[in-house]
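Input: a single structure, listed below in structure tokens.
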Protein chains: 2
Amino acid sequence: MKNRTIESAWRGAERCKNCAIRHLVLFADLTHDDFDRIHHPIDDIEFKPGSRVYLQGDEMPFVYTVRSGLIKLVQHLPNGDRRIVRILSQGDLAGLENLDGQPASHEAVTMDHVRVCRIPRSIIASLKRDTPRLHDALLQRWQKALSGADNWITRLSTGNARSRVARLLLLLDENSEDDSFFLPTREDMGAMLGITTESASKMTAGFRRNGLLKPLEDHRAWIDERELKKQFD
Amino acid sequence: MKNRTIESAWRGAERCKNCAIRHLVLFADLTHDDFDRIHHPIDDIEFKPGSRVYLQGDEMPFVYTVRSGLIKLVQHLPNGDRRIVRILSQGDLAGLENLDGQPASHEAVTMDHVRVCRIPRSIIASLKRDTPRLHDALLQRWQKALSGADNWITRLSTGNARSRVARLLLLLDENSEDDSFFLPTREDMGAMLGITTESASKMTAGFRRNGLLKPLEDHRAWIDERELKKQFD
DNA sequence: CGCGCAATTGAGTTATATCAAATACGGTGG
DNA sequence: CCACCGTATTTGATATAACTCAATTGCGCG
């Protein structure tokens, strides 16, 4: 029994060593020795669009490294309002905020097809003790999350609806490797910007009529980045 | 010369060991050995209300532990809009976001009389290498800053102006040791909530007329926490 | 092809911004 | 201690942007 578990763990670590996007993920700088310390399985999991990875209030025995796709972090207010506070993409960690053992502070929902690595928190805890390399990787994740949150406040929650939508489009565009980017539903745009679905729709439709935004197939879109930057930001 | 510098450094570390609020600050869990590694002076600095601790874009050779008072972190947008994204109080670190050497992402301005410890970044860097205790203390600061930022988005940047002001008052009240709390200027309240100075004033005046808010001397105030919580969350 | 959901659009309402004026307040100097 | 000045706050009238509610159109998927 114990043998089988350990076998599985080793296979997990082996996969990590050869991970195609390892340079982007939490374990980027780990050595072979570090990997040999991993005695629990790391699973590769896929989610369909709109899947809940975890719920606000959940116990969090795992963190999730995003391999591909987008995950939204949603916070619900007691009065029923909800607000999307962050978007996670490749290399980001879902559950970072709860590494200390606190229950989940957000609901995590996939926006498109998503692949993640599910990492037991115990692995993080034990590696953290032994290797400063993981420490630095974690600090980088915190850093990115925090500056992202600050931008969310100043750029996406300030000014009129038109500016907010424009700055959201610019942000989505910048974060995309591709020339195009994933265009969220109007409802999600509203929840990111603190405006109604209808307002998000009106502004988006306006940009489309101006030729600043061109929807493509498969929920993706293109923007005239130069012109949009000139008018807003 | 070199001697004098080292003397000063040792005095700095000595003061840290005996700091009255050490249980609250970054160096809470350091051992005597850790302090002996500090070879640069840590200075105790005071600021009058409205002082700029650093400016957006500044190089950041220091971080600042808040000993007493409140510091606002302000971000300026290219179009002139500005938004307060965080309030730092006792035990918080100003400059946390720039420990990696990036120029300051915010402007830091004191809201009242403030005392800080100015810590050279080099000290953090060298201690970080040697002691996991500082690492954990830093992680805690990141954690607090990030959950604070998320709350800022969901509670202070969502809903109508009245709710936002109410939730700001509740937040200020919670973070205060005292029964009373520091009431910011209406302009600052507006910059925190993404509303105009006049709107912040109207809502505040409304609460005062309802008896939910009572201004005290010295820019401080009291709120009917129970009733405010019942009406707004 | 049609069903269901998402997006768009419009009309009417409301909240907030804007502009302007009056009042209160804090600090300073006589 | 009081009078005065500059600044912050309050208040009101009006304009405007966003919300609300409702109907229509568009789109993807079975």
Side-chain angles (χ1 to χ4, degrees), chain A residues 48-50 72 79-84 109 111-113 156-169 182-221 231-232, chain B residues 48-50 72 77 79-84 109 111-113 156-169 182-221 232:
Chain A
K48 285 183 294 192
K72 56 184 173 187
N79 72 351
D81 275 1
R82 69 190 198 90
R83 193 77 198 264
I84 298 174
V109 180
M111 302 180 74
D112 53 0
H113 186 86
L156 302 190
S157 308
T158 305
N160 62 30
R162 168 164 288 102
S163 307
R164 295 189 196 190
V165 171
R167 293 195 282 244
L168 173 61
L169 295 174
F182 179 84
L183 187 66
T185 66
R186 305 303 172 267
E187 192 179 358
D188 277 351
M189 290 176 62
M192 294 183 216
L193 304 173
I195 61 178
T196 59
T197 304
E198 292 92 333
S199 291
S201 174
K202 281 166 185 165
M203 300 305 146
T204 307
F207 287 135
R208 187 162 38 67
R209 275 190 288 269
N210 295 340
L212 297 178
L213 172 74
K214 291 193 193 306
L216 310 172
E217 76 294 341
D218 201 25
H219 297 274
R220 299 189 70 81
Q231 291 189 34
F232 306 90
Chain B
K48 284 183 294 192
K72 57 184 174 188
L77 285 173
N79 73 351
D81 275 1
R82 68 190 199 93
R83 192 79 197 264
I84 298 175
V109 180
M111 302 179 73
D112 52 1
H113 188 85
L156 302 190
S157 309
T158 306
N160 62 30
R162 168 164 287 99
S163 307
R164 293 189 196 190
V165 171
R167 291 194 284 244
L168 173 61
L169 295 174
F182 180 86
L183 188 66
T185 66
R186 306 302 171 267
E187 191 179 359
D188 277 351
M189 290 176 63
M192 295 184 215
L193 304 172
I195 61 180
T196 59
T197 303
E198 292 92 332
S199 290
S201 174
K202 281 166 184 163
M203 300 305 146
T204 306
F207 286 135
R208 187 162 37 69
R209 275 190 287 270
N210 295 340
L212 296 178
L213 172 73
K214 290 193 194 306
L216 310 172
E217 76 295 340
D218 201 26
H219 296 275
R220 300 188 70 80
F232 306 92

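Model, not experiment: these values are computed from the prediction. The basis for the numbers below is simple: all heavy atoms, side chains too, and nothing from hydrogens, waters or symmetry mates. Naming convention: chains lettered A, B, ... in sequence-line order (proteins, then strands); numbering from 1 in each chain.
- The interatomic distance linking B:Met189 (CE) with C:dA17 (P) rounds to 13 Å, in whole Å.
- Of the side-chain N and O atoms in B:Thr185, none sit less than 4.0 angstrom from OP1 or OP2 of D:dA8.
- Here C:dG27 presents its P atom at 13 Å from NZ of B:Lys48, a figure rounded to the nearest Å.
- Of the candidate nucleotides D:dT11, C:dT16, D:dC19, C:dT16 has the atom lying nearest to any side-chain atom of B:Asn160.
- Between A:Ser199 and D:dC19 there is a side-chain N or O to OP1 or OP2 distance below 4.0 Å.
- Within the nucleic acid shown, B:Arg164 has no heavy atom closer than 4.0 Å to any nucleic acid atom.
- Atoms CE (A:Met203) and P (C:dT8) sit 12 Å apart, rounded to a whole Å.
- Using a 4.0 Å heavy-atom criterion, one finds that B:Ser201 contacts the bases of the nucleic acid, with or without backbone contacts as well.
- Judged as a side-chain contact (heavy atoms from CB on, under 4.5 Å), and not counting sequence neighbours, the contacts of A:Asn160 are A:Arg162, A:Ser163.
- Looking at every heavy atom in both residues, B:Asp81 comes nearest to A:Gly159 through OD2-CA, 4.4 Å.
- Nucleotide C:dT18 holds its P atom 12 Å from the CD1 atom of B:Ile195, rounded to whole Å.
- Whole-Å rounding puts the A:Lys202 NZ to C:dA6 P distance at 18 Å.
- Following rounding to the nearest Å, B:Arg208 (CZ) and D:dA8 (C1') show an atom-to-atom distance of 13 Å.
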Table please: side-chain donor-acceptor pairs of residues 184-206 of chain A below 3.5 Å, with sequence neighbours left out.
from, atom 1, to, atom 2, distance (Å)
A:Thr185, OG1, A:Asp188, N, 3.1
A:Arg186, NH1, A:Pro184, O, 3.1
A:Asp188, OD1, A:Lys72, NZ, 3.0
A:Asp188, OD2, A:Lys72, NZ, 2.9
A:Thr196, OG1, A:Ser199, N, 3.2
A:Thr196, OG1, A:Ser199, OG, 3.1
A:Thr204, OG1, A:Ala200, O, 2.6

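- Here B:Arg209 lies in heavy-atom contact (under 4.0 Å) with sugar-phosphate atoms only.
- Residue-to-nucleotide proximity on DNA chain D shows that, of A:Gly194 and B:Glu198, the 5′-proximal contact is made by B:Glu198.
- The shortest heavy-atom contact between A:His113 and A:Pro49 is N-CG, 3.9 Å.
- In this structure, CZ of B:Arg186 is placed 18 Å from C1' of C:dA17, rounded to the nearest angstrom.
- For the residue pair B:Ser157 and B:Arg83, a side-chain donor N or O sits within less than 3.5 Å of a side-chain acceptor on the partner.
- When heavy atoms are screened at a 4.0 angstrom cut-off, B:Arg162 is found touching no nucleic acid atom at all.
- Between the NE2 atom of A:His219 and the P atom of D:dG26 there is a distance of 18 Å, given to the nearest Å.
- Dashed line: the shortest gap from a side-chain N or O of A:Thr196 to OP1 or OP2 of D:dC19 is under 4.0 Å.
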